[in-house]
Chemist: 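Would you mind keeping the following structure in view while I ask a few things?
Each chain gets a letter, A, B and so on, in the order its sequence line appears, and its residues count up from 1. Quantities reported herein were computed from a predicted structural model and do not represent experimental measurements. Side chains included, hydrogens not; waters and symmetry mates left out as well; all remaining heavy atoms used.
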Amino acid sequence: MPTRVAQIRFPMRWSQTFIPTMKEVPAEAEVPSHQLMLRAGLIRQLMAGAYTYLPLGYRSVRKVSEIVREEMDRAGAIELFMPALQPIEIFERTGRKEAFGNVLFNFEVKRGDRKLHFALGPTHEEVITDLMARHISSYRQMPITLYQIQTKFRNEERPRFGVLRTSEFIMKDAYSFGTSLQQLNEAYDAMYKAYCRIFERCGLRYLPVEAESGPIGGDASHEFMVPASNGEDFVVHCPACGYGANQERADTGRSSAIPPKVENAAAPVQVATPNAGSIDQVSKMLKADATSFVKTLIYKADGKAVAILLRGDHTANEGKIRRATKATTVELADEETIKKVTGAPVGFAGPIGIQCPYLVDHDVAAIKSAIIGANAKDAHITGVIPGTHFEITETFDLRNAESGDACPKCKAKLEIVHGIEVGHVFKLGTKYSVSMDAKFVDAQEQSHPIIMGCYGIGVTRVVASIVETCHDENGIIWPINVAPYTVQLIPLNVTDPEVMKVANRIYDELNAVGIDVLIDDRDQRPGFKFKDADLIGIPLRITVGGKGLAEGITEVKWRTESESRRISIGDTVGFVKDLIAEKRMV
RNA sequence: CGGGAUGUAGCUCAGCUUGGCUAGAGCGCUACGUUCGGGACGUAGAGGUCGCAGGUUCAAAUCCUGUCAUCCCGACCA
């Protein structure tokens with residue numbers, strides 16, 4: 001692991017900087033990272049989804065950015081900087097004006113007698129592909145990976161959780177360009193490894209998980225998730241073998257089993273379920289558990305109606321349905337289609353007598369006696385035996401993985417944890433190079449579209465994730481590499497010339513050896529300063545007080561420790577330097 | 001975009017149900033004094049178009065209508 005982190009060279013005295021700490025928790029903040037970032041004076045809100053990074057918060061942003069830069073450079077990526085302001089036309093070329101919809105900030109401005117239509121970049125595939133289309137013509141110019149650290153704009157329908165989900169945020173985005181799948185895989189692996197190093201250096205616990213891979217399939221996409229109870233994403237994780245996937249993607253280790261036909265089975269019974277069209281309502285009415293229901297969802301796969309049968313307590317997974325139906329698009333059917341294939345209003349669909357093909361999830365086949373919709377208004381059918389009363393020739397994995405499902409790799413039980421997505425690597429293939437006309441000629445003078453990958457890290461989200469996961473009841477506990485300062489120096493009595501003399505000397509010496517230090521030179525009582533120190537969470541604290549001076553010592557402690565170590569004044573800087581070197585080695 | 005909640009001092013909140021004195025408290029801020037090793041104390045102060053607009057009324061922070069903003073849940077999320 002690297003031991004170097006860039007130092008930000010503006011040493012600071014608290015009295016001369018701007019760190020507005022707060023004792024009380026602002027009412028608008030719900031999650032720990034939001035509360036602590038406000039209280040510790042890292043951020044202030046301008047409006048929903050837009051925050052100012054105050055000096056302390058911005059230092060952490062810069063530290064994370066610098067780690068990202070170093071690892072991108074090490075991985076051979078080249079930094080550039082693209083405009084946030086973009087013409088709407090490039091999004092029309094790739095069809096993403098529609099795909100982004102409301103998420104894309106776009107607006108018209110007047111220039112003379114013309115009207116120009118702009119967008120604020122939510123990401124930069126279009127810009128970089130356009131750039132490379134103009135400048136790459138030969139296979140000899142590849143492979144190459146370019147990256148930038150830039151502000152992105154996405155009109156979030158609902159910004160939330162402070163800085164975790166905002167309409168404007170800093171992101172590192174990288175794009176690889178290659179001539180072959182092999183070059184793409186190499187670039188992807190390099191980025192994947194760089195991401196692991198980045199998150200490790202940031203002191204984050206993270207899980208790389210398989211994500212929905214789109215057109216290329218296979219292991220074409222991974223997300224890097226930080227496990228956190230307030231995370232918005234669900235991660236399926238196997239504690240036994242380490243398998244990880246997001247919930248959209250996660251396979252289940254279930255297998256297909258066609259139930260045998262039951263001879264002389266009792267006939268199913270139709271029961272009236274007036275105005276009860278949801279599993280919840282019907283299960284209450286019939287006093288039956290949701291697990292004994294078959295949920296019949298009507299989808300349109302490439303425009304054709306298909307019914308999906310799931311156990312009542314399960315949720316559909318559209319990616320899996322898309323693969324099982326071999327369609328390119330699937331969406332829930334409209335009311336009209338449902339009426340057409342079931343002959344009933346929404347809420348009463350069932351496999352018996354339905355006027356479209358149906359696909360059966362593995363778990364449906366295992367229900368002994370099921371309740372299904374009757375394909376008639378206000379009616380359900382009970383005592384239905386799957387495979388006997390309706391035909392099953394094959395079963396599929398059609399639903400989201402659940403906690404307790406078998407792991408697809410090792411069959412151990414899967415866990416579901418909440419996570420914050422901090423990074424994403426994706427094999428794009430030729431999607432953008434085709435629509436943006438980015439081609440190259442190979443050695444045989446044959447023309448091909450460039451093969452691309454894209455790789456993002458939410459820099460500001462990384463900072464928030466760190467705060468979200470690294471804190472105690474007193475405040476933030478910064479990992480050393482991303483802390484706004486490495487050392488906080490507290491002279492207890494700033495009116496005591498001896499104390500200040502020693503403190504200032506240590507301050508100067510720390511600066512001289514390149515250690516970030518914040519000196520709390522405010523004329524405040526000791527308890528006040530200690531509380532603030534714990535709140536802003538600088539990893540190392542050096543206390544210089546009258547009592548210690550009388551014995552010739554300072555007190556040094558990690559933010560995580562409760563007891564400080566007594567170090568003789570002359571040895572303090574050397575001791576702290578060694579502590580830091582040791583910590584960064586780990 | 002559906003559902004819920006909240007807007008009163010820099011921050012946390014009371015007051016509103018039942019309209020009526022000069023709109024309050026704690027923290028923070030200013031000055032002075034006493035303090036000074038885990039968010040001190042005293043005294044004196046500064047600070048508010050009660051989110052905004054309209055309405056009802058002799059009278060509105062309080063009642064009504066509209067509107068804006070923020071937060072939470074859901075839908076959405078390359």
Side-chain angles (χ1 to χ4, degrees), chain A residues 20-31 34-35 38-39 41 44-51 90-91 94-105 119 121-126 129 152-162 164-167 169 171 173 175 211-215 221 223 230 232-233 246 248 318 331-332 420-421 424 426 428 431-432 435 452 454-456 458 461 473-475 490-496 499 520 522-536 541 543-551 553-555 557 562-564 566:
Chain A
T21 57
M22 281 189 285
K23 194 152 78 171
E24 290 182 277
V25 182
E28 75 232 31
E30 195 94 345
V31 299
H34 192 192
Q35 294 179 347
L38 287 168
R39 288 188 55 212
R44 282 297 179 270
Q45 185 182 61
L46 176 64
M47 59 180 179
Y51 287 81
I90 57 173
F91 290 97
T94 57
R96 288 215 295 178
K97 182 167 179 273
E98 277 66 40
F100 274 118
N102 252 342
V103 173
L104 187 67
F105 279 106
T123 170
H124 282 71
E125 278 84 359
E126 282 81 1
T129 309
K152 308 289 181 187
F153 297 88
R154 294 179 196 180
N155 180 28
E156 288 295 343
E157 295 294 320
R158 181 147 104 79
R160 67 185 116 174
F161 300 143
L164 277 172
R165 187 166 202 82
T166 51
S167 296
F169 55 95
M171 183 170 152
D173 47 325
Y175 306 91
E212 200 51 63
S213 50
S221 173
E223 289 171 350
N230 286 307
E232 293 183 88
D233 295 297
N246 70 18
E248 291 83 64
E318 294 195 359
E331 54 178 352
L332 270 173
I420 301 166
E421 183 188 347
H424 196 169
F426 199 98
L428 282 174
K431 178 176 174 196
Y432 295 96
S435 56
M452 292 174 57
C454 67
Y455 317 92
R461 190 180 268 188
E473 66 278 9
N474 295 315
I490 305 184
L492 286 184
N493 185 350
V494 299
T495 59
D496 180 336
V499 167
D520 189 351
R522 295 175 298 175
D523 186 6
Q524 290 287 358
R525 300 163 63 85
F528 185 94
K529 294 203 203 180
F530 289 144
K531 287 288 185 190
D532 260 355
D534 286 347
L535 177 59
I536 69 172
R541 189 180 89 189
T543 306
V544 179
K547 284 183 191 170
L549 283 199
E551 303 171 50
I553 58 120
T554 64
E555 291 150 73
K557 88 170 198 64
S562 54
E563 294 301 315
S564 50
R566 301 156 56 84

Chemist: Can you tell me whether the side chain of A/R522 and the base of B/G39 have a donor-acceptor pair closer than 3.5 Å?
Modeler: no

Chemist: Just call it for A/A48: base, sugar-phosphate, or nothing, with non-hydrogen atoms closer than 4.0 Å on any strand.
Modeler: sugar-phosphate

Chemist: Using the P atoms only, state how far B/G33 lies from B/U49, rounded to an integer number of Å.
Modeler: 33 Å

Chemist: Return yes if the base of B/G37 and the side-chain atoms of A/N493 contain a donor-acceptor N/O pair under 3.5 Å, otherwise no.
Modeler: no

Chemist: Would you indicate what A/E555 reaches in the nucleic acid, counting non-hydrogen atoms under 4.0 angstrom: base, sugar-phosphate, or nothing?
Modeler: base

Chemist: Which nucleotide in the list B/G38, B/C72, B/A75 gets nearest to the side chain of A/E157?
Modeler: B/A75

Chemist: Taking atom types as they are modelled, is there a donor-acceptor pair under 3.5 Å from the base of B/G7 to the side chain of A/E28?
Modeler: no

Chemist: For the base of B/G39, is there a side-chain donor-acceptor partner from A/Q524 under 3.5 Å away?
Modeler: no

Chemist: Run through RNA chain B and report every stem of 3 or more consecutive Watson-Crick or G-U pairs, distances under 3.5 Å, ordered by first number.
Modeler: B:1-7 with B:68-74, B:10-13 with B:24-27, B:29-34 with B:40-45, B:51-55 with B:63-67

Chemist: Consider the side chain of A/K531, meaning its heavy atoms from C-beta on, and name the nucleotide among B/G26, B/C73, B/G39 that approaches it most closely.
Modeler: B/G39

Chemist: When rounded to the nearest Å, what value does the distance between C1' atoms of B/U17 and B/A69 take?
Modeler: 26 Å

Chemist: Examine B/C73: is either OP1 or OP2 under 4.0 Å from a nitrogen or oxygen in the side chain of A/R158? Give yes or no.
Modeler: yes

Chemist: Say we look at B/C41 and B/C36: how far apart would their P atoms be, to the nearest angstrom?
Modeler: 14 Å

Chemist: Taking the C1' atom in each of B/G74 and B/G26, what is the distance between them to the nearest angstrom?
Modeler: 37 Å

Chemist: Write down the distance separating the C1' atoms in B/A60 and B/A53, rounded off to the nearest Å.
Modeler: 15 Å

